[in-house]
Novice: 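Okay, here's the structure, questions in a sec.
Sequence positions, counted from 1, serve as the residue numbers for this chain. Keep in mind that what you see is a predicted model, and the values were worked out from it rather than measured.
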Amino acid sequence: MDLSWVTTFIAAAETGSFRRAADLLYISQPTVTVHIRQLEKETGAALFERGGRKVELTEEGRRYLEHCRKLMAVHQESLEDLQSISQGFTSSLNIAISPLVADTILPYVLKSYIKQHPEVEISVVIADSSDIEGAVSKGVVDIGLSCLPAADPQMISELLYNDRVMLVAGHDGRDSESAPPLDEEEVLLSAYLLTHNHPGYWDQLCRAVKIRYPRVKMMRVSQTHITKRFIAEGLGVSFLPESTVRRELLEGRLLEVECRNIQLPEAAAYAIMRYSHSKQREFLSFLSNYRI
């Protein structure tokens with residue numbers, strides 16, 4: 001069987017027209033007809049009901065279409081695998097990473113890992129922590145780096161690190177050496193508290209803040225990088241993991257506010273796996289050499 005026949009069949013089935021299939025594949029309409037006839041001869045079944053310019057799949061054609069799609073998917077996967085081998089890759093590692101983890105040390109870690117392991121083909125998917133466990137469980141990725149531990153006890157969930165959470169405000173324009181430190185109560189009551197940019201600690205922290213400062217105004221901002229931009233523009237303050245604001249603090253664009261009246265949580269990062277195979281363990285071992 002010629003795979004070009006299968007490609008033509010899928011195009012004709014999805015467009016409902018031999019002419020549109022020909023246009024889509026950059027071949028002539030008679031060529032489409034020949035491919036379909038050859039495929040029908042090969043399968044011993046009529047795949048289309050022909051009526052004027054429009055064609056419709058027969059019952060056999062509809063069933064055969066699903067098999068053809070699977071066949072072409074496997075063929076494409078095999079081509080990609082051969083291409084990986086030709087490029088020097090002998091193994092692959094698919095990783096799902098939460099935006100918060102991806103925004104800290106991970107770019108440097110990946111760069112170092114790829115340099116030391118050029119034979120490993122890396123694929124990275126950025127996903128919310130709430131979705132990472134599902135991606136690992138379904139086998140979409142080999143390992144997940146998440147801000148949440150796995151809920152399923154059958155999954156492997158390992159703590160990577162704990163990160164100190166701090167109250168962060170925008171720079172007030174005053175000299176940092178001579179100006180008095182920012183006051184916790186004044187900061188929280190004079191601006192919006194930007195919340196829920198981390199999936200792990202905000203619900204409990206919001207309750208603690210409301211008990212201490214009932215008049216505080218809150219605004220949900222789901223992404224950390226947007227939260228930092230809002231803080232820098234004077235739109236609010238937030239409680240953020242230290243690793244996510246380290247650069248901004250060093251450059252003086254953001255300021256830490258000392259908290260004396262609110263017990264601050266820690267932000268954690270976890271590695272989530274379905275199987276503890278050698279390639280996952282090797283990557284985690286490499287990752288453990290870097291401190292957040």
Side-chain angles (χ1 to χ4, degrees), residues 97-107 126-133 144-149 151 159-270 291-292:
I97 308 171
S98 80
L100 273 167
V101 178
D103 196 36
T104 54
I105 196 174
L106 199 70
I126 304 300
D128 290 340
S129 290
S130 57
D131 298 326
I132 288 178
E133 181 179 350
L145 304 181
S146 172
C147 296
L148 297 173
L159 177 67
L160 292 175
Y161 59 83
N162 281 314
D163 200 359
R164 183 170 72 96
V165 173
M166 58 175 62
L167 177 58
V168 179
H171 200 289
D172 58 2
R174 294 183 291 181
D175 180 69
S176 58
E177 295 184 0
S178 60
L182 295 175
D183 178 72
E184 169 190 334
E185 180 176 5
E186 180 183 352
V187 164
L188 287 170
L189 296 181
S190 62
Y192 277 99
L193 176 60
L194 309 176
T195 69
H196 291 86
N197 37 56
H198 189 285
Y201 58 75
W202 270 108
D203 290 340
Q204 184 175 352
L205 182 55
C206 284
R207 288 192 292 269
V209 172
K210 275 293 188 181
I211 290 172
R212 183 68 188 183
Y213 303 110
R215 294 187 294 110
V216 70
K217 296 179 180 179
M218 299 184 180
M219 179 192 301
R220 285 176 176 252
V221 181
S222 61
Q223 295 294 324
T224 304
H225 68 283
I226 299 299
T227 299
K228 292 191 290 184
R229 178 68 182 271
F230 281 10
I231 295 173
E233 296 292 337
L235 295 176
V237 299
S238 189
F239 293 95
L240 293 170
E242 181 180 8
S243 62
T244 65
V245 292
R246 184 176 292 132
R247 176 178 296 180
E248 289 82 359
L249 292 173
L250 288 173
E251 294 175 353
R253 288 181 284 142
L254 300 179
L255 298 174
E256 179 183 1
V257 181
E258 184 178 2
C259 278
R260 298 181 181 273
N261 300 311
I262 300 172
Q263 185 175 357
L264 297 182
E266 286 187 327
Y270 301 88
R291 295 182 62 86
I292 300 299

Novice: Heavy atoms, side chains only, cut-off 4.5 Å: are V221 and Y192 in contact?
Specialist: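 V221 does not reach Y192 side chain to side chain.
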Novice: Rounded to the nearest 0.5 Å, how far does CD of E242 lie from CG of D163?
Specialist: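 D163 atom CG to E242 atom CD measures 6.5 Å (nearest 0.5 Å).
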Novice: Kindly say whether E248 contributes a backbone atom to a donor-acceptor pair with the side chain of K228 at under 3.5 angstrom?
Specialist: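 Flag not set: sc K228 to bb E248 has no pair under 3.5 Å.
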Novice: If only atom types and distance count, is the side chain of K210 paired as donor or acceptor with the main-chain N or O of V216 below 3.5 Å?
Specialist: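 Yes: the side chain of K210 pairs with the backbone of V216.
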Novice: If we ignore hydrogens and angles and just use 3.5 Å, is the side chain of E184 paired with the main-chain N or O of V257 as donor and acceptor?
Specialist: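 Judged by distance alone, no pair lies under 3.5 Å.
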Novice: Might you point out which heavy atoms bring I97 and A102 nearest each other, and give the distance in Å?
Specialist: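 Scanning both residues, the minimum pair turns out to be CG2-N, 3.6 Å.
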Novice: For the residue pair Y270 and S129, establish whether any side-chain heavy-atom pair is separated by less than 4.5 Å.
Specialist: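 Not in contact.
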Novice: Tell me whether E251 at atom CD has more than 12 heavy atoms from other residues, nucleotides or ligands lying less than 6.0 Å away.
Specialist: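 Above 12, so yes.
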Novice: Does either side chain, that of H225 or that of N197, offer a donor lying less than 3.5 Å from an acceptor on the other one?
Specialist: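 Side-chain D/A pair, H225 to N197: absent.
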Novice: Can you give me the closest heavy-atom contact between A267 and V165, atom names plus distance?
Specialist: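 Reported closest heavy-atom pair: N-CG2, 3.7 Å.
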Novice: Tell me which one of T195, L194, L235, T227 satisfies side-chain contact (heavy atoms from CB on, under 4.5 Å) with M219.
Specialist: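 Going through the options one by one, the only one that passes is L194.
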Novice: Which atom pair, heavy atoms only, marks the closest approach of L255 to G170?
Specialist: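 Closest pair (atom of L255, atom of G170, distance): CD1-O, 4.1 Å.
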Novice: Could you tell me whether the side chain of I231 reaches within less than 4.5 Å of the side chain of S238, counting heavy atoms only?
Specialist: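 The answer is yes, as the side chains (C-beta and beyond) meet within the 4.5 Å cut-off.
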Novice: Any heavy-atom pair between the side chains of R253 and H171 that's under 4.5 Å?
Specialist: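 They are not in side-chain contact.
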Novice: Are L193 and V209 packed together at the side-chain level, in the sense that at least one heavy-atom pair is separated by less than 4.5 angstrom?
Specialist: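 Yes; the side chains approach each other to less than 4.5 Å.
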Novice: Taking atom types as modelled and ignoring hydrogens, do the side chains of E266 and Y201 form a donor-acceptor contact shorter than 3.5 angstrom?
Specialist: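 On atom types as modelled, these side chains do not qualify, holding no pair under 3.5 Å.
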Novice: Would you please test T224 and H198 for side-chain contact (heavy atoms from CB on, under 4.5 Å) and show each step?
Specialist: CA-CA 8 Å; T224 304; H198 189 285; over 6 Å; no
Novice: State, to 0.1 Å, how close P199 and L100 come at their nearest heavy-atom pair, and which atoms those are.
Specialist: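 P199 and L100 have their closest heavy atoms at CD-CD1, 4.1 Å.
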Novice: Answer yes or no: is there a side-chain heavy-atom contact under 4.5 Å between R164 and P241?
Specialist: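 Counting from C-beta outward, R164 and P241 never come under 4.5 Å.
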Novice: I'd like to know if the side chain of D128 reaches the main chain of S130, judged simply by a donor and an acceptor atom lying under 3.5 Å from each other, with no hydrogens or angles considered.
Specialist: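 Not a single qualifying donor-acceptor pair exists.
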Novice: Counting C-beta onward and ignoring hydrogens, is there a side-chain heavy-atom pair between F239 and W202 closer than 4.5 Å?
Specialist: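 Heavy-atom side-chain distance check passes, below 4.5 Å.
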Novice: Mind listing the closest non-hydrogen atom pair of A269 and V101 along with its distance?
Specialist: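 Heavy atoms only, the tightest pair is CB-CG2, 4.3 Å.
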Novice: Are H196 and C206 packed together at the side-chain level, in the sense that at least one heavy-atom pair is separated by less than 4.5 angstrom?
Specialist: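 A side-chain contact under 4.5 Å exists here.
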Novice: For I126 versus P99, what's the shortest heavy-atom pair and its separation?
Specialist: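 Between these two residues, the closest heavy atoms are CG2-CG, 3.9 Å.
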Novice: Could you walk me through whether L167 and V237 pass side-chain contact (heavy atoms from CB on, under 4.5 Å), step by step?
Specialist: CA-CA 7 Å; L167 177 58; V237 299; 4.2 Å; yes
Novice: If you measure from the Lys or Arg side-chain nitrogens to the Asp or Glu carboxylate oxygens, is any gap between E185 and R260 under 4.0 Å?
Specialist: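 Here E185 does not pair with R260 in a salt bridge, since their nearest N and O are not under 4.0 Å apart.
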Novice: Test your reading of the model: is there a side-chain donor-acceptor pair from S98 to the backbone of S146, 3.5 Å cut-off?
Specialist: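 Checked: no pair found.
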